[in-house]
Every structure is written in C-alpha cells, then in structure tokens.
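One structure is given here, and the rest of the page talks about it.
Throughout, a chain's letter reflects where its sequence line sits, starting with A, and its residues are numbered from 1. Only this structure's heavy atoms are used, side chains among them; waters, hydrogens and symmetry mates stay out.
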Protein chains: 2
Amino acid sequence: MENILKTQAVAKPEVINMLKQKGISPTQQRVEIAQILFSKPQHLSADQVMGIVNNGEQRVSKATVYNTLGLFANKGLVREVIVDPTKIFYDSNIQSHHHFYNVDSGELTDIHAHTVQLNSYPELPEGTEADGVDIVVRLRNKKD
Amino acid sequence: MENILKTQAVAKPEVINMLKQKGISPTQQRVEIAQILFSKPQHLSADQVMGIVNNGEQRVSKATVYNTLGLFANKGLVREVIVDPTKIFYDSNIQSHHHFYNVDSGELTDIHAHTVQLNSYPELPEGTEADGVDIVVRLRNKKD
DNA sequence: ACAGCAGTTTAGACAAAGTCTATATTAATG
DNA sequence: CATTAATATAGACTTTGTCTAAACTGCTGT
C-alpha cells in the first residue's frame with residue numbers, strides 16, 4: 001500500500017452534499033474517501049486511496065475502500081479508467097474527456113474533450129445502448 | 001481454465017512463415033498457439049488459449065502460454081486489448097480498428113476503423129511518441 | 001556422432017488486485 | 001431509546017499473471 005501525504009482536503013459539508021445528491025448516505029468513511037478524491041482532478045488506484053486515507057493510523061479497511069470506490073463509480077460520482085491491466089484508476093473528473101497513458105511510466109494524463117472529436121459513429125449492436133466512449137492514446141518515451 | 005473445442009486450424013507452414021517474418025523462432029508450442037490465434041479474427045484471453053490448446057491432454061504449460069502471448073504482442077503479431085479490468089484479451093486482427101465492449105456480457109466485438117474517425121488530434125506530451133489509439137465504446141444491454 | 005551451448009519450456013511457488021463471508025459496528029426509525 | 005437496516009471490518013479466498021530453478025531441445029563445430 002502506497003504511503004502518500006494527504007494534501008488539502010475539500011470542505012466536509014460540500015462533500016456530504018455531493019454524496020447526498022447521488023443518493024449515497026454520507027458515512028464517515030465515505031466522506032473521508034470523497035474528500036481525498038475531490039481535492040483535485042486526479043486518477044487514483046484503490047491502493048493509492050488506501051495509502052492516503054490511512055496515512056499513519058489505520059482508519060478505513062481495504063474492503064471499505066473497494067466497496068466505496070465501486071459504489072461511487074456506480075453512482076456516477078467518479079469514473080473508472082481501464083488502461084492498466086493490473087488495476088483500475090478512479091478519475092475524480094467526470095466531465096467528458098479522454099486519456100494519455102504512458103506505457104513506460106504508468107502515468108495517466110487528461111486529453112481535453114474538444115481536442116479529439118469523433119466525426120462518425122458506428123451502429124450499435126441490437127439490444128444495446130452506449131454507456132460511454134473511452135479514447136486512450138498510448139504513449140512511449142522517445143529514446144533518441 | 002476454459003475448455004473450448006479447437007476449430008479448423010491454419011496451415012502450419014503459413015504460420016511458421018508469419019513467425020519467422022517477425023523474427024520469432026517457430027517452436028512447437030508457439031506454432032500451436034499461433035495456429036489457434038490466427039484461425040480467424042478473434043479476441044482470446046490467455047486462459048481461453050490455454051483451454052483450447054490443451055483441450056483434452058496437457059501439451060503447453062501455463063508459463064509458456066503467457067510467455068508466448070506476451071512475445072507475440074511485443075513483436076506486433078497480435079494486439080493486446082485492455083477493456084476488462086481482470087484480464088487481457090489478445091486480438092488476432094492487427095489491422096487498425098476499435099472495439100465495442102459489452103459490460104454486461106463481457107463480449108468484445110469490432111468496430112471497423114472507417115466508421116469512427118478522429119478529426120483532430122491532441123498535442124503529445126514532451127518527449128513521448130504515440131504508440132496507438134484505442135477507442136472503446138462501452139455497451140449495456142437495454143432492459144425495456 | 002556427439003559435447004557444449006543458447007534458447008525454450010516446465011512445474012510450481014509466488015505476487016498483487018480484488019472479492020467474499022461472517023461478525024461487529026453504526027446510523028436511522030419509530 | 002430500542003430495534004432494525006445499513007455499513008464496516010478482518011481475514012480468508014480467488015484469479016490473473018510473474019518468477020525461478022531445473023529440465024529439455026536443437027543447433028554448432030569438430
């Protein structure tokens with residue numbers, strides 16, 4: 001589990017409101033995790049969240065971290081980003097945008113929605129509806 | 001490990017040539033796996049390949065299946081598709097194209113390259129070069 | 001033919017992310 | 001405030017994938 005310093009948090013009442021608006025009861029653990037996630041637009045793995053929330057003392061269990069991140073993603077509070085075959089990243093920015101993924105460093109950065117545009121759209125298979133479009137530009141470090 | 005029937009294979013000499021052209025020495029195990037992969041355009045997980053190649057008797061070890069698929073991907077013989085957080089799919093079609101991923105069924109299907117087009121392109125971060133663009137349209141089953 | 005050698009393959013131990021289960025704790029409700 | 005429903009927890013477990021050390025394969029040059 002990574003050990004990362006907790007930076008400035010978001011105001012508690014603000015976060016509590018966000019949760020309530022999505023129909024999530026704001027328990028202590030959920031609020032703590034939400035404060036970390038929404039301190040800024042960022043991409044965190046479950047393990048990283050675990051490390052930040054439990055920096056020093058143990059306050060939230062592994063199961064709760066996983067449950068909570070899954071719940072948040074389900075309710076549309078955060079977005080899952082699947083680019084690394086070994087783990088899920090949770091993106092605190094749910095505005096439409098895409099990602100660069102540096103295969104060498106594991107770094108994940110944003111591509112603003114308007115710099116990439118689809119000008120045509122495939123027909124969806126029978127009986128299905130689109131749930132989202134993910135565009136990932138994979139990067140390598142130049143070695144010149 | 002899944003147990004799937006092996007369908008019609010590709011001719012051995014043909015596959016051996018493909019491997020040689022990419023600088024891969026065509027060992028028995030590699031040829032067997034390549035014959036399965038290239039029998040048609042498809043998306044298979046390591047576990048599925050394992051199931052097909054070893055249908056009935058055990059002929060290729062787990063380590064070799066993983067090594068071989070990794071090697072093939074590295075040499076550009078197959079393409080890794082990362083859409084399912086629990087496993088990698090290997091796509092035997094390396095032509096430029098994209099994917100539908102049905103979140104409910106786990107089904108992965110192709111989107112022809114020409115039905116989706118990027119009409120602008122983001123600036124790449126300093127010191128990096130693009131390694132590929134993956135577009136994934138996530139689907140859910142309609143429940144009406 | 002065959003000793004030596006590099007490249008492969010193998011079984012099984014191991015690692016890491018994530019899930020599950022049964023129990024304990026907390027929060028909500030009347 | 002007692003009861004009940006919802007959450008949180010520790011730790012066992014599962015799955016995908018990696019690693020390691022030993023065995024095997026098939027060349028090479030003599």
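- Classification of the His97(A)-His43(A) ring pair by plane angle, with boundaries at 30° and 60°, yields tilted.
- Among the protein residues, Thr64(A) comes within range of the nucleic acid bases, having at least one heavy atom under 4.0 Å from a base atom.
- Following rounding to the nearest Å, Leu69(B) (CG) and dT18(D) (P) show an atom-to-atom distance of 10 Å.
- For Thr27(A) and dA8(D), the shortest distance from a side-chain N or O to OP1 or OP2 is below 4.0 Å.
- Of the side-chain N and O atoms in Ser25(A), one or more sit less than 4.0 angstrom from OP1 or OP2 of dT7(D).
- At least one side-chain nitrogen or oxygen of Arg30(A) sits closer than 4.0 Å to the OP1 or OP2 atom of dA8(D).
- Counting only heavy atoms from C-beta outward, the side chains of Asn102(B) and Arg140(B) never approach each other to under 4.5 Å.
- Atom CG in Asp84(B) sits roughly 13 Å away from atom C1' in dA17(C) (whole-Å rounding).
- If you take CG of Asn67(A) and P of dA17(C), they are 17 Å apart, rounded to a whole angstrom.
- Spacing between atom CG of Leu19(B) and atom P of dT8(C) amounts to 12 Å, rounded to whole angstrom units.
- One atom, CD of Gln48(A), and another, P of dA16(C), lie 15 Å apart when rounded to the nearest Å.
- There is no side-chain donor-acceptor pair under 3.5 Å between Asp47(B) and Ser45(B).
- Rounding to whole angstrom units, CG of residue Asp47(B) and P of dT16(D) are separated by 5 Å.
- In this model, the phosphate group of dG18(C) is approached by a side-chain N or O of Tyr66(A) to a distance below 4.0 Å at OP1 or OP2.
- Residue Met50(B) contributes atom CE, which lies 15 Å from atom P of dT15(D) at whole-angstrom precision.
- Positionally, the nearest nucleotide of DNA chain D for Ile88(B) lies more toward the 5' end than for the other of Gln28(B) and Ile88(B).
- Contact annotation: side chain of Lys87(B) to base of dG17(D), donor-acceptor pair absent below 3.5 Å.
- Between Ile82(A) atom CD1 and dA17(C) atom P there is a gap of 16 Å when expressed in whole angstrom units.
- For Lys62(B), the listed nucleotide lying nearest its side chain is dT18(D); candidates were dT18(D), dG18(C), dT9(D).
- Inter-residue side-chain proximity for Ile36(B) and Leu44(B) is flagged as met; some heavy-atom pair is nearer than 4.5 Å.
- Under the 4.5 Å side-chain criterion, counting only non-hydrogen atoms from C-beta, Phe100(A) is not in contact with Val136(A).
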